[in-house]
Amino acid sequence: MSDKVRRIGPSGKGSGVKAIANRLKESVDTSAKVLDKGFQRTRASNVERSHEFSVMWISFGIIVVSSAVFFLIGFFCNGDWTWKDFFYNMACNILAMFVVVLCLDTLVNRNRDSRVQREEARKILRYNRLISPEIEMYLVRKNMVITPNGKTMKKFQVDSNFTVRDMRDMYGASELVSDVGISKIRRYGHYQRVLRDHFEGLIQSVDFTFYPEIADAAMRYLNATSYGEAALDAVISYEDTRAGTKSMKTMVIAMLKEEPEDGSFMAANPTMKNIYLVHQMINDQEAAVADYLKMIKLLQDQDTSGYMKKETVEFE
């Protein structure tokens with residue numbers, strides 16, 4: 001047995017190490033053939049800066065050489081050129097060069113900024129084509145939650161003035177055929193999360209160098225959704241929860257009907273505190289969506305080319 005170990009151990013180990021070394025060598029050779037040895041990552045800003053300096057020095061050299069050529073022509077021909085004239089002429093040319101380069105640089109930067117701004121605006125408006133239908137879905141479900149039975153619901157109302165008591169019928173079935181038997185609060189929870197995901201995608205996709213107000217509106221919606229998410233999940237869960245022999249949904253509806261008009265979060269019991277948080281979340285979401293829609297409308301009006309004009313629902 002010891003002979004077997006001695007025979008397999010050293011020889012096996014040596015052959016294994018040798019095989020690994022050969023594989024590593026082959027992979028290095030293959031990588032060397034595939035990769036370009038001269039390839040280096042360079043920042044775009046460095047490339048632009050290098051190009052600007054090279055253009056400036058080339059222009060400077062051209063001016064010096066051309067001034068020297070004209071001076072020699074005047075010097076060897078019958079004329080009154082002197083060294084003083086030469087240096088004066090060269091100084092004037094260099095000054096003119098810097099003025100021209102400065103003006104051209106300003107013009108190029110302005111054109112570049114204008115192009116980047118147009119591209120950013122079009123990118124926002126393209127993404128808005130995904131967000132706009134989800135805002136419509138969100139508004140309809142939100143307005144069903146905050147409109148009690150007997151009151152006229154405005155489907156696409158953005159800003160609303162409602163109280164916690166107005167949410168007393170949120171556990172009723174949705175009035176839309178597409179929701180079929182699902183409660184209003186549950187459908188609202190789904191669509192407000194869908195809209196949150198779209199706003200997150202917008203924030204991640206655009207730099208917002210020129211339109212930070214749109215990013216601010218989207219972020220305020222995300223913040224409102226984040227701090228109210230746990231409370232909303234709790235309110236939705238009351239629909240399927242029982243407290244002894246009674247269902248939590250029945251108890252919450254009774255609490256909402258008895259809640260005073262001047263009720264507050266601090267005076268509410270733990271169950272009602274979640275309702276108040278959802279109430280505040282909806283108010284903050286409405287303000288954020290209203291600002292977002294206003295900024296998008298301004299952006300569409302600025303697009304004189306009509307590139308991203310689109311018929312949209314009139315939000316109230």
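Computed from a predicted model, the values in this text were never measured in an experiment.
- At distances below 3.5 Å, at least one donor-acceptor pair connects side-chain atoms of Asn223 with backbone N or O atoms of Met219.
- Taking the side chain as every heavy atom from C-beta outward, Ile185 and Arg141 never approach each other to under 4.5 Å.
- Here the side chain of Asn143 pairs a donor or acceptor atom with the backbone of Gln157 at under 3.5 angstrom.
- Panel note: side chain Asn128, backbone Ile124; no donor-acceptor pair is recorded below 3.5 Å.
- Remark: the backbone N or O of Glu134 is not paired with any side-chain donor or acceptor of Tyr191 at under 3.5 angstrom.
- Listed here is the closest heavy atom pair of Lys123 and Ser205: NZ-O, 2.8 Å.
- Side-chain contact between Leu293 and Val158 is present, with at least one heavy-atom pair separated by less than 4.5 Å.
- Between Tyr138 and Tyr221, the ring planes are perpendicular. Angles over 60° get that label, and only those under 30° would be called parallel.
- Under the 4.5 Å side-chain heavy-atom criterion for Ile, Leu, Val, Met, Phe, Trp and Tyr, Met137 and Leu176 are members of distinct hydrophobic clusters.
- Classification of Arg165 and Glu258 as a salt-bridged pair fails, no side-chain N sitting under 4.0 Å from a carboxylate O.
- Distance check, rounded to the nearest 0.5 Å: OG1 of Thr225 to CZ of Arg196 gives 7.0 Å.
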- Task: Assess whether side-chain contact (heavy atoms from CB on, under 4.5 Å) is satisfied between Tyr211 and Met295, documenting all intermediate values.
- Result: CA-CA 9 Å; Tyr211 303 100; Met295 296 299 165; over 6 Å; no
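- Side-chain contact check for Tyr171 versus Thr250: every heavy-atom pair is 4.5 Å or farther apart.
- Using a distance-only test at 3.5 Å, with no hydrogens or angles considered, a donor-acceptor pair links the side chain of Asn283 to the main chain of His279.
- Other residues, nucleotides and ligands contribute at most 12 non-hydrogen atoms within 6.0 Å of the CG atom of Asn161.
- One finds no salt bridge joining Asp197 and Arg193 here, because no Lys/Arg side-chain nitrogen approaches an Asp/Glu carboxylate oxygen to under 4.0 Å.
- Following chains of ILVMFWY side-chain contacts shorter than 4.5 Å, one can reach Val278 starting from Met266, so the two form part of one hydrophobic cluster.
- Nearest approach of Ile146 to Glu286, heavy atoms of both residues: CD1-OE2, 3.9 Å.
- Ile203 and Ala218 get closest at one heavy-atom pair: CD1-CB, 3.9 Å.
- The hydrophobic cluster containing Ile275 also contains Tyr227, counting ILVMFWY residues as joined when their side-chain heavy atoms lie under 4.5 angstrom apart, directly or transitively.
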- What's the verdict on side-chain contact (heavy atoms from CB on, under 4.5 Å) for Arg220 and Asp216, showing C-alpha distance, side-chain angles and the deciding distance? CA-CA 6 Å; Arg220 284 192 285 117; Asp216 178 67; 3.3 Å; yes
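- Contact annotation: the side chain of Leu125 never approaches that of Glu120 to less than 4.5 Å [non-hydrogen atoms, C-beta and beyond].
- Shown here for Glu239 and Ser183, the closest heavy-atom pair between the two residues is OE1-OG, 3.0 Å.
- Salt-bridge formation is detected for the pair Lys184/Glu175: a Lys NZ or Arg NE/NH1/NH2 atom is positioned less than 4.0 Å from an Asp or Glu carboxylate oxygen.
- The closest side-chain heavy-atom distance from Ser160 to Lys142 is below 4.5 Å.
- With salt bridges taken as basic N to acidic carboxylate O contacts below 4.0 Å, one links Asp240 and Arg186.
- Close placement of the Phe199 and Tyr292 rings is indicated, their centers lying within 6.0 Å of each other.
- Asp166 contributes a side-chain N or O that, together with a main-chain N or O of Thr163, makes up a donor-acceptor pair within less than 3.5 Å.
- Shortest non-hydrogen contact noted between Ala234 and Asn274 is CB-ND2, 3.6 Å.
- Looking at Phe162 and Thr147, their side chains never come closer than 4.5 Å, going by heavy atoms from C-beta outward.
- Residues Leu139 and Leu130 are members of separate hydrophobic clusters, defined by side-chain heavy-atom contacts under 4.5 angstrom among Ile, Leu, Val, Met, Phe, Trp and Tyr.
- In this structure, the side chain of Asn269 engages the main chain of Thr271 through a donor-acceptor pair within 3.5 Å.
- Closest non-hydrogen pair, Ser174 versus Met144, comes out as OG-CE, 3.2 Å.
- Side-chain contact between Leu299 and Ile214: present, with at least one pair of heavy atoms (C-beta onward) separated by less than 4.5 Å.
- With respect to the salt-bridge test (charged N to carboxylate O, under 4.0 angstrom), the residues Lys155 and Glu136 do not qualify.
- By the neighbour-count criterion of 12 heavy atoms within 6.0 Å, atom NZ of Lys273 is densely surrounded, having more than that number from other residues, nucleotides or ligands.
- With hydrogens and angles ignored, the 3.5 Å screen pairs a side-chain donor or acceptor of Asp169 with a backbone N or O of Asn149.
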- Taking it one step at a time, do Leu202 and His198 satisfy side-chain contact (heavy atoms from CB on, under 4.5 Å)? CA-CA 6 Å; Leu202 175 65; His198 279 291; over 6 Å; no
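- A donor-acceptor pair under 3.5 Å is absent between the side-chain atoms of Gln285 and the main chain of Ala224, judged by distance alone.
- One hydrophobic cluster, built from ILVMFWY side chains closer than 4.5 Å, cannot hold both Val194 and Ile182; they sit in different ones.
- Rounding to the nearest 0.5 angstrom, the gap separating the CG atom in Leu232 from the CD1 atom in Ile236 is 4.0 Å.
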- Task: Begin with the C-alpha distance, continue with both residues' side-chain angles, and end with the deciding distance and a verdict on side-chain contact (heavy atoms from CB on, under 4.5 Å) for Arg126 and Arg122.
- Result: CA-CA 6 Å; Arg126 281 197 300 270; Arg122 290 180 176 182; 3.8 Å; yes
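- Looking at heavy atoms from C-beta onward, Glu259 lies out of side-chain contact with Leu256 at the 4.5 angstrom threshold.
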